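These figures come from a predicted structure and were not determined experimentally.
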Amino acid sequence: MKICCCFADIPVEINLSSDKSLSFFQQYVSTEFLPKFTISVSDNEMQKETANTDLTNRISPAYLESLAIQRKLSEALIDYDTILFHSSALAVDGQGYLFAALSGTGKSTHSRLWREMYGDRVTMINDDKPFIHVGEDEVRVYGSPWDGKHHLSTNTSVPVKAICILTRDTTNHIERIDVDEAFAILYQQTYRSKDPLKLAHTIDLLNRMAGKIALYRLGCNMDPDAARVSYEGMNHE
């Protein structure tokens with residue numbers, strides 16, 4: 001089955017092995033544009049994805065196919081100045097905020113605190129793997145169907161105001177940091193190609209991104225006030 005989807009404003013043709021995978025991509029199906037490239041995955045490529053998940057005994061072929069497509073799509077989008085960035089991304093009043101951290105730190109929980117505190121002002125862009133396009137004039141975050149265990153995402157995009165690196169602490173505090181302090185975690189949370197040229201371009205994109213947006217480090221607990229501290233800290237200017 002062939003479908004055309006639009007990711008980060010790039011139309012892509014995807015060859016699906018069965019219609020069971022269609023529902024996963026339904027929100028991103030588009031027939032308005034001619035695709036820039038085509039993605040197909042083999043059975044062998046799908047099986048290789050079992051090494052990247054701890055759900056081996058409960059995995060469906062459709063899920064494996066989606067993982068393999070994600071990998072190929074992430075690889076291809078680098079050429080369009082777009083990267084897959086592991087984070088929880090939300091928008092408040094049309095501005096994007098991305099929370100990045102080591103696994104288990106509490107990105108999704110912190111995003112939930114923002115939703116509880118700011119209500120309808122908050123739109124979840126993606127709770128796990130949004131795409132980021134680094135343009136000449138702005139950095140923009142886009143939703144994707146790879147949206148984590150809570151399946152929180154929206155097929156929309158907003159300009160990125162800030163990226164906040166989360167750390168656990170007993171009290172809530174936020175500080176502005178520079179690219180040298182942030183780069184290691186930004187690099188770690190970004191899809192990294194094994195192709196040396198694509199990897200070099202990814203590093204260039206990360207440096208360009210960091211030069212265009214504000215970077216913060218948040219020490220936080222799970223109290224609701226953590227949302228207020230982080231929001232006000234990133235909007236104090």
Side-chain angles (χ1 to χ4, degrees), residues 1-41 45-46 49 52-53 55 58-100 107-108 111-112 114-115 118-135 138-160 189-191:
M1 167 184 284
K2 291 184 179 181
I3 61 172
C4 185
C5 295
C6 203
F7 302 106
D9 290 335
I10 304 297
V12 181
E13 183 180 74
I14 301 176
N15 289 325
L16 297 176
S17 61
S18 75
D19 57 7
K20 292 181 180 179
S21 298
L22 179 59
S23 61
F24 182 83
F25 296 98
Q26 193 66 59
Q27 189 180 172
Y28 293 83
V29 171
S30 173
T31 58
E32 295 182 13
F33 308 99
L34 293 175
K36 297 288 187 181
F37 54 88
T38 299
I39 290 178
S40 300
V41 297
E45 287 171 326
M46 290 167 57
E49 292 300 329
N52 302 310
T53 178
L55 303 174
R58 295 183 284 125
I59 249 173
S60 69
Y63 180 67
L64 287 177
E65 184 171 41
S66 74
L67 293 180
I69 290 171
Q70 177 207 98
R71 191 175 301 278
K72 282 198 168 183
L73 179 63
S74 300
E75 187 84 7
L77 288 179
I78 295 170
D79 294 336
Y80 296 85
D81 294 345
T82 299
I83 55 177
L84 185 77
F85 187 67
H86 184 204
S87 60
S88 184
L90 54 79
V92 175
D93 302 334
Q95 296 289 313
Y97 301 84
L98 280 68
F99 300 106
K107 299 183 296 294
S108 294
S111 290
R112 175 177 57 78
W114 276 51
R115 296 196 302 275
Y118 298 107
D120 292 343
R121 292 173 61 193
V122 178
T123 298
M124 284 302 302
I125 304 298
N126 185 281
D127 199 33
D128 191 37
K129 293 182 175 66
F131 289 112
I132 300 177
H133 175 71
V134 184
E138 69 174 6
V139 177
R140 200 164 188 89
V141 60
Y142 291 79
S144 88
W146 296 279
D147 51 12
K149 63 182 179 181
H150 301 298
H151 302 297
L152 297 171
S153 64
T154 308
N155 183 9
T156 189
S157 70
V158 293
V160 177
Q189 301 305 307
T190 301
Y191 172 82

**Report entry** Plane angle bin for Tyr97 and Trp114 - parallel if under 30°, tilted between 30 and 60°, otherwise perpendicular
**Finding:** tilted
Rounding to 0.5 Å, atoms CG (Leu73) and CD1 (Ile78) come to a distance of 10.0 Å
dist Ile69:CD1 -> Glu45:CD (nearest 0.5 Å) comes out at 10.0 Å
Sorted by chain and number, sequence neighbours left out, side-chain contact (heavy atoms from CB on, under 4.5 Å) with Lys2 holds for Glu13, Asn15
Only one of Cys6, Pro35, Pro11 passes side-chain contact (heavy atoms from CB on, under 4.5 Å) with Ser30, and that residue is Cys6
By side-chain contact (heavy atoms from CB on, under 4.5 Å), Cys5 pairs with (sequence neighbours left out) Ile3, Phe7, Ile14, Phe25, Tyr28, Val29
Using side-chain heavy atoms (C-beta onward) and a distance below 4.5 Å, is Pro145 in contact with Gln27? no
So NZ of Lys107 and CG of Leu98: to nearest 0.5 Å the spacing works out to 11.5 Å
Here the pair of heavy atoms bringing Val158 nearest to Gly94 is CB-O, 3.7 Å
Between the CZ atom in Arg112 and the CG atom in Leu90, the distance rounded to the nearest 0.5 Å is 13.0 Å
Is the backbone N or O of Thr156 less than 3.5 Å from a side-chain atom of Thr154, with the two atoms forming a donor-acceptor pair by type? no
Does Val122 form a side chain to side chain contact (heavy atoms under 4.5 Å, CB included) with Val92? I'd like the steps, not just the answer. CA-CA 5 Å; Val122 178; Val92 175; 3.8 Å; yes
Donor-acceptor pairs are to be reported for all side-chain atoms of residues 124-135 against protein atoms at under 3.5 Å, with residues two or more places apart or in another chain.
| residue | atom | partner | partner atom | Å |
| --- | --- | --- | --- | --- |
| Asn126 | OD1 | Asp128 | N | 2.7 |
| Asn126 | OD1 | Lys129 | N | 2.5 |
| Asn126 | ND2 | Ser144 | O | 2.8 |
| Asn126 | ND2 | Ser144 | OG | 3.3 |
| Asn126 | ND2 | Trp146 | O | 3.3 |
| Asp127 | OD1 | Ser88 | OG | 2.6 |
| Asp127 | OD1 | Ser108 | OG | 3.2 |
| Asp127 | OD2 | Ser108 | OG | 2.8 |
| Asp128 | OD1 | His86 | NE2 | 3.0 |
| His133 | ND1 | Tyr80 | O | 3.2 |
| His133 | ND1 | Asp81 | O | 3.3 |
| His133 | ND1 | Thr82 | OG1 | 3.1 |

Sequence neighbours excluded, the answer for side-chain contact (heavy atoms from CB on, under 4.5 Å) partners of Pro159 is Gln95, Glu138, Arg140
Residues pairing under salt bridge (Lys or Arg N to Asp or Glu O under 4.0 Å) where one sits in residues 91-100, two or more places apart or in two chains, turn out to be Asp93-Arg121
CD (Gln70) and CG (Leu77) are apart, to the nearest 0.5 Å, by 11.0 Å
Separation between CZ (Phe24) and NE2 (His151), nearest 0.5 Å, reads 8.5 Å
Pair Glu49, Arg71 - check salt bridge (Lys or Arg N to Asp or Glu O under 4.0 Å), show working.
CA-CA 9 Å; Glu49 292 300 329; Arg71 191 175 301 278; 2.7 Å; yes
Hits for side-chain hydrogen bond (donor to acceptor under 3.5 Å, both in side chains) against Glu65, two or more places apart or cross-chain, chain-then-number order -> Ser17, Ser21
